[in-house]
Amino acid sequence: MSMPTLRRFLTQQSGERQLNPNLIFLVEDIAAACRVVGNHIRNAAFEGTLGLAGGSNIQGEEQKTLDVVADREFARICANSPRLAALVSEEVDEITWLKEPEAGDYLLYYDPLDGSSNIDVNLSVGSIFSVCEVENDGDRDVLKQGSRQICAGYAIYGPATMLVLTMGDGVNGFSCEHGTGDFRLTHPGLDIPATTSEFAINASRYHHWDAPVRRYVDECLAGGSGPRGRAFNMRWTASMVADVHRILMRGGVFLYPSDAANRGLGGKLRLLYEANPMALIVEQAGGLASTGERRLLDLMPESHHQRVPVILGSRDEVARLEGYHRT
Ligand code: P6P
């Protein structure tokens, strides 16, 4: 089986799927940034970049040194992309405008290092990214519905570094070849199984959950004699990229719902650079992505660091949860 490089894959698109060369340049720059971030993570112990940076981001979360390093590398590497107009980063309060926006320019939203609480204990972390297009000259509106994304994906820095990408025409996985650093197509046409016996949720928040979520989890844990008629496994890595990647590879459902503790904030995960890109990936792989009540990709953002509830993965399970929210 041939394993084309990311560049060959992107340039091989034919017909109406032919991609704008400037979008290809941007995707390659994003891949380069992920490769560099992966190298920094592998060498963190030698570069003295483990531990805390001493500051906090707009979310009020303590920034890890590698959060700051990863954000800086994304900005440095992607800022030269010919038609990139703005950066929206989890680690930066304001939007970074690189040029006067013109129709056809790109907007890049990213979480440069997601799950960074796992860095110091050497568990898998990732970078998440999303690309939208500027529709009109001078348009500085970055609050785009998730359905307007033209590209989304993530890098997972695990036993292997992988880039998982959708250009709106299916989901493909590229593994970073040790030595050359090339991303090669190793997982074409990723497809989430509709049913599953695994779910991912932070169970320590049980007493904050709303009734539909508690009902779903209680039924999953009731085992073969319960209403689901089978035993479920619970998995939680506290790294969204790692949990979503497992779901993409073998099915499952990921829940970070709104609950009594985070309702005032709207949830925990951020819409523009976590929920939306993961929702596009999951839908393009045949799954569903919801707040529990609404399709995530339909939400009209109100602010660029907005948080939302997230339930996504195997379509039968997400549909079941949406049904519980309606009863
Ligand atoms: P908790 C990491 O901080 C993150 O944003 C996601 O990657 C992850 O799914 C979630 O938060 C973990 O949250 O409450 O388990 O620490």
Side-chain angles (χ1 to χ4, degrees), residues 111 114-115 124-126 128 130 146-147 149 152-156 158 162 164-166 170-173 187 189-203 205-206 209-210 212-221 227-259 267-271 273-299 307-326:
D111 178 357
D114 182 73
S124 294
V125 292
I128 310 172
S130 164
S147 54
Q149 293 172 99
Y154 59 83
I156 176 166
M162 279 189 71
V164 172
L165 178 71
T166 184
V171 180
N172 292 287
H187 296 73
L190 289 170
D191 185 41
I192 300 178
T195 60
T196 181
S197 299
E198 274 187 339
F199 66 99
I201 194 166
N202 177 348
R205 304 181 68 86
Y206 183 91
W209 293 339
D210 296 335
V213 172
R214 198 173 306 176
R215 173 184 173 189
Y216 177 81
V217 172
D218 287 347
E219 289 182 355
C220 285
L221 296 178
R228 302 305 308 272
R230 64 184 189 280
F232 276 69
N233 286 318
M234 192 183 80
R235 299 279 184 269
W236 188 249
T237 66
S239 174
M240 184 185 199
V241 169
D243 283 319
V244 171
H245 190 68
R246 185 191 57 252
I247 289 166
L248 202 61
M249 301 303 286
R250 70 185 190 208
V253 58
F254 173 96
L255 302 91
Y256 212 110
S258 167
D259 62 35
K268 166 153 194 187
L269 301 176
R270 295 79 168 179
L271 176 58
Y273 40 78
E274 289 175 331
N276 271 345
M278 289 309 202
L280 185 64
I281 286 272
V282 164
E283 285 200 4
Q284 283 286 317
L288 292 178
S290 170
T291 63
E293 284 149 348
R294 294 188 59 200
R295 179 182 181 235
L296 275 167
L297 295 182
D298 289 340
L299 296 184
R307 298 170 188 253
V308 289
V310 175
I311 295 176
L312 53 76
S314 292
R315 60 183 315 107
D316 292 1
E317 296 305 308
V318 178
R320 175 183 290 267
L321 271 150
E322 288 184 322
Y324 291 175
H325 279 81
R326 283 193 290 270

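From a predicted model like this one, the values you see are computed outputs, not experimental measurements.
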| request: Check whether any side-chain heavy atom of L255 sits under 4.5 Å from a side-chain heavy atom of W236, and report yes or no. | output: no
| remark: side chain to side chain donor-acceptor pair (under 3.5 Å) filter on H245, not counting sequence neighbours, yields Y154
| request: Check whether any side-chain heavy atom of P257 sits under 4.5 Å from a side-chain heavy atom of I201, and report yes or no. | output: yes
| Results of salt bridge (Lys or Arg N to Asp or Glu O under 4.0 Å) for R307 - residues two or more places apart only | none
| query | For R214, which residues count as a salt bridge (Lys or Arg N to Asp or Glu O under 4.0 Å) partner, sequence neighbours excluded? | reply | none
| Hey, does V282 have a side-chain heavy atom less than 4.5 Å from the side chain of F254? | no
| field | Y273: partners by side chain to side chain donor-acceptor pair (under 3.5 Å), with sequence neighbours left out | value | Q59, H305
| Do the side chains of R228 and Y216 get nearer than 4.5 Å, heavy atoms only? | yes
| task | With sequence neighbours excluded, tell me which residues meet side chain to side chain donor-acceptor pair (under 3.5 Å) with N172. | result | none
| field | Minimal non-hydrogen separation, E322 against S290, with atom names | value | OE2-OG, 2.8 Å
| note | Smallest heavy-atom separation, L280 atom then A152 atom, equals CD2-CB, 3.9 Å
| message | Which residues pass the side-chain contact (heavy atoms from CB on, under 4.5 Å) test with A231, not counting sequence neighbours? | response | none
| query | Taking only residues two or more places apart in sequence or in another chain, which ones pass side chain to side chain donor-acceptor pair (under 3.5 Å) with R320? | reply | Y324
| All salt bridge (Lys or Arg N to Asp or Glu O under 4.0 Å) counterparts of D218, not counting sequence neighbours | none
| Do V310 and M240 have side-chain heavy atoms sitting under 4.5 Å apart? | yes
| Pairs satisfying salt bridge (charged side-chain N to carboxylate O under 4.0 Å, His left out), at least one member in residues 281-292, at least two apart | E283-R295
| field | E317 side chain to T196 side chain, donor-acceptor N/O pair below 3.5 angstrom | value | no
| task | Calculate, to the nearest 0.5 Å, the distance between atoms CE and CG belonging to M278 and L248 respectively. | result | 9.0 Å
| Applying salt bridge (charged side-chain N to carboxylate O under 4.0 Å, His left out), which residue pairs with at least one partner in residues 189-203 are found, sequence neighbours left out? | E198-R235, E198-R246, E198-R250
| request: Determine the minimum heavy-atom distance between A275 and V308, stating which atoms define it. | output: CB-CG2, 3.7 Å
| message | Do H325 and I311 make a side-chain contact, defined as non-hydrogen atoms from C-beta onward lying under 4.5 Å apart? | response | yes
| field | Smallest separation among heavy atoms of I247 and V253, with atom names | value | CD1-C, 3.6 Å
| Minimum heavy-atom separation for E274 to R270, with atom names? | OE1-N, 2.8 Å
| said: Test of understanding: with salt bridge (Lys or Arg N to Asp or Glu O under 4.0 Å), list the residues that count as partners of D210, not counting sequence neighbours. | reply: R263
| message | I'd like to know if the side chain of S314 reaches the main chain of G251, judged simply by a donor and an acceptor atom lying under 3.5 Å from each other, with no hydrogens or angles considered. | response | no
| Under the 3.5 angstrom rule, does the side chain of Q149 hit a backbone N or O of N276 as a donor-acceptor pair? | yes
| said: Applying side-chain contact (heavy atoms from CB on, under 4.5 Å), can you list everything that pairs with P309, at least two apart in sequence or on another chain? | reply: S258, T291
| query | Shortest non-hydrogen contact from E219 to P227? | reply | CG-CG, 3.4 Å
